[in-house]
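Taking it in order: structure first as structure tokens, then the write-up.
The structure presented is a predicted model; accordingly, all values stated were derived computationally and were not measured. Each residue takes its place number in the sequence, starting with 1.
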Amino acid sequence: MKYLSIRVKLMILTLITLIPLILLQAFNVDENFHRSSDQKLDASVEFAHAVSSYFYNYVEELWIQESIIGNTIMSNINDKFEIQSYLDSVVGSNENNLQRLSWVNPDGIITESTRQYMIGQSIADRDYYKRIKAGQDMVISDLVESYVDNSLVVPVARGIRKNGELVGILVYSVSVDRLVSNIPGLTLNKGDVLTLVDRNGRVVYSSLNNSLSFNERQLPGDDSDWQAL
């Protein structure tokens, strides 16, 4: 080192002096990154719980409505015109209603609906129908594709029984395009993505791209969301 110039020696000494400071700064950057990541994760978990609570309350409200509607239909169970008029009035009276409503007989045939093109359609092969037929009273379905118009909906169904016997099923079919429109105070930060996934690993809603087809919504087997499921 005695053959090095004074300037080079000073530069080396300066670098040696700065090394601990550089390492300390790198450590601080790493700590801040992990702290920021933890805070972001905590915020995301809290947000997810809030959205989950909203949907739970929303579905509970639909089931309550179906119970009230079912009790009213029971008083006019043989009058198809009255049932149809009543369903139309229920949906038409609610400005925030974002779904179609159908009355299904015990065999799985839609006999009345707020969408006329649904009348006569069978849902007997749908999982939610089978679960109600087997004795479950209230069911929220995974994402399904409409038989008639290929629209994507999440059916919320309730079995209506008399003396323990199934007399009909009420089904709210909630559109995926409007699923999150009523969540109070829903604001995503830049770069954030909200995704709702059903039990089959199919994307029900995505704030990034909600125009996907039914098949395009299926998550690949190695997707991290499967771990949550």
Fill in: Within one Ile-Leu-Val-Met-Phe-Trp-Tyr cluster: Met138 and Ile64, side-chain cutoff 4.5 Å
no

Practice prompt. Check whether more than 12 heavy atoms from other residues, nucleotides or ligands sit under 6.0 Å from atom CD of Glu216, and answer yes or no.
Written response: yes

Practice prompt. Answer yes or no: is there a donor N or O on one side and an acceptor on the other, between the side chain of Arg100 and the main chain of Ser175, under 3.5 Å?
Written response: no

Worksheet item: Do Ile109 and Val104 have side chains that get closer than 4.5 Å, going by heavy atoms?
Response: no

Practice prompt. Please answer whether the main-chain N or O of Ile73 pairs with a side-chain N or O of Trp103 as donor and acceptor at a distance below 3.5 Å.
Written response: no

Discussion item. Using side-chain heavy atoms (C-beta onward) and a distance below 4.5 Å, is Ile119 in contact with Gln84?
Written reply: yes

Worksheet item: Does Arg202 reach the side chain of Asp142, with side-chain heavy atoms less than 4.5 Å apart?
Response: no

Worksheet item: Counting distance only, does the side-chain N/O of Asp198 pair as donor-acceptor with the main-chain N or O of Gly201 below 3.5 Å?
Response: yes

Worksheet entry | Test item: Thr72 side-chain N/O and Ile68 main-chain N/O as donor-acceptor pair under 3.5 Å | yes

Worksheet item: Of all heavy-atom pairs between Tyr86 and Ile69, which one has the smallest distance, and what is that distance?
Response: CE2-CG2, 3.5 Å

Worksheet item: Between Asn57 and Glu61, does any side-chain donor sit less than 3.5 Å from a side-chain acceptor?
Response: no

Worksheet item: Going by heavy atoms in the side chains, are Val139 and Val156 under 4.5 Å from each other?
Response: no

Worksheet item: Any donor and acceptor pair, going by atom type alone, linking the side chain of Asp79 with main-chain N or O of Glu82 inside 3.5 Å?
Response: yes

Worksheet item: Does OH belonging to Tyr117 count more than 12 external heavy atoms closer than 6.0 Å?
Response: yes

Item to complete: Check whether any side-chain heavy atom of Leu166 lies under 4.5 Å from a side-chain heavy atom of Ile160, and answer yes or no.
Response: no

Item to complete: Look at the side chain of Glu145 and the backbone N and O of Ser151, then say whether any donor-acceptor pair between them is shorter than 3.5 Å.
Response: no

Item to complete: For the residue pair Tyr172 and Gln65, confirm or rule out a side-chain donor-acceptor distance under 3.5 Å.
Response: yes

Practice prompt. Would you sort out whether Lys130 and Asp125 count as a salt bridge (Lys or Arg N to Asp or Glu O under 4.0 Å), showing the intermediate values?
Written response: CA-CA 7 Å; Lys130 294 176 181 178; Asp125 64 338; over 6 Å; no

Discussion item. Does the structure place the NZ or CZ of Arg126 under 6.0 Å from the centre of the six-membered ring of Tyr147, at an angle of no more than 45° from the ring's axis?
Written reply: yes

Item to complete: Please answer whether the main-chain N or O of Val167 pairs with a side-chain N or O of Lys162 as donor and acceptor at a distance below 3.5 Å.
Response: no

Discussion item. Would you compute the distance between atom CD of Glu112 and atom CG of Asn105 and round it to the nearest 0.5 angstrom?
Written reply: 9.0 Å

Discussion item. Any non-hydrogen side-chain atom of Val197 less than 4.5 Å from a side-chain atom of Leu219?
Written reply: yes

Worksheet entry | Interatomic spacing from OG in Ser102 to CG in Leu87 - rounded to 0.5 Å | 7.5 Å

Worksheet item: So if you build clusters from Ile, Leu, Val, Met, Phe, Trp, Tyr with side-chain heavy-atom gaps below 4.5 Å, do Ile83 and Leu170 land together?
Response: yes

Worksheet item: When rounded to the nearest 0.5 angstrom, what is the spacing between CE in Met118 and OG in Ser173?
Response: 6.0 Å

Worksheet entry | Pair Ser213, Asn215: side-chain N/O donor-acceptor within cut-off below 3.5 Å | no

Item to complete: Measure the shortest side-chain to side-chain distance between Val154 and Ile140 over non-hydrogen atoms and say whether it is less than 4.5 angstrom.
Response: yes

Worksheet item: Minimum heavy-atom separation for Tyr128 to Ala157, with atom names?
Response: CD1-CB, 3.8 Å

Item to complete: Walk me through it: do Leu101 and Val171 pass the test side chain to side chain contact (heavy atoms under 4.5 Å, CB included)?
Response: CA-CA 6 Å; Leu101 177 61; Val171 183; over 6 Å; no

Discussion item. Under a 3.5 Å cutoff, is there a donor and acceptor pairing between the side chains of Arg217 and Asn210?
Written reply: yes

Practice prompt. Establish whether Ile169 and Ile110 are linked, either directly or via other cluster members, by ILVMFWY side-chain heavy-atom contacts under 4.5 Å.
Written response: yes

Discussion item. Taking the side chain as everything from C-beta on, heavy atoms only, tell me whether Leu152 gets closer than 4.5 Å to Phe214.
Written reply: yes

